[in-house]
Amino acid sequence: MEGRLKAYLEEAAARLKGAFTLEGVYLFGSWARGSADLDLRVVARTDLPPLERIGGVLEPLQDSPWPVEVLALTPEELGERKNAKGAQAG
């Protein structure tokens, strides 16, 4: 399964590069706990509002062999989340 997953994630990133100025695609969440869905954090430069971003990410991934859940962030939003977590930890 790992080889199949890696190949799919590489293909997914290539598809997303065609739709966005992609900065990264990250697998997180329940996959590590044995769940059958893919939780993807997609970081891209875009002016689209959050819901349109999610739709824009899911569209090229609609043929995924696994269910996909997406967190679509701009680099700035990702930075804000990282800073907020750091502030809470202090």
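Considering only heavy atoms from C-beta on, R81 stays 4.5 Å or farther from R41 through its side chain. T21 has its side chain out of reach of T46: every pair of non-hydrogen atoms, C-beta onward, lies at least 4.5 Å apart. For the pair V42/L22, a side-chain contact is recorded, criterion being any heavy-atom separation below 4.5 Å from C-beta on. Looking at L16 and P60, their side chains come closer than 4.5 Å, going by heavy atoms from C-beta outward. Put simply, the side chain of L40 reaches to within 4.5 Å of the side chain of L9, judged on heavy atoms.
Of all the heavy atoms in S64 and Y8, the pair that sits closest is CB-OH, 3.2 Å. Across every non-hydrogen atom of L5 and W66, the tightest pair is CA-CH2, 3.7 Å. Shown here for F20 and A44, the closest heavy-atom pair between the two residues is CB-CB, 3.7 Å.
We find the OH-CG distance between Y26 and L73 to be 10.5 Å, quoted to the nearest 0.5 Å. The line from CZ of R53 to CG of L71 is 9.5 Å long, rounded to the nearest 0.5 Å. Going from atom CD of E69 over to atom CD1 of I54 covers 10.5 Å, rounded to the nearest 0.5 Å.
The side-chain hydrogen bond (donor to acceptor under 3.5 Å, both in side chains) test applied to D47 returns no partner, not counting sequence neighbours.
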I would like to know whether R45 and E76 meet salt bridge (charged side-chain N to carboxylate O under 4.0 Å, His left out); could you show each step before the answer?
-> CA-CA 9 Å; R45 296 211 171 271; E76 295 77 18; 2.9 Å; yes

Can you check side chain to side chain contact (heavy atoms under 4.5 Å, CB included) on V68 and L58, steps first, answer last?
-> CA-CA 8 Å; V68 176; L58 289 175; 4.1 Å; yes

Please walk me through it: do E11 and R15 pass salt bridge (charged side-chain N to carboxylate O under 4.0 Å, His left out)?
-> CA-CA 6 Å; E11 179 184 335; R15 289 180 185 186; 2.4 Å; yes

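Checked by atom type and distance alone, the side chain of E77 pairs as donor or acceptor with a backbone atom of T74 at under 3.5 Å.
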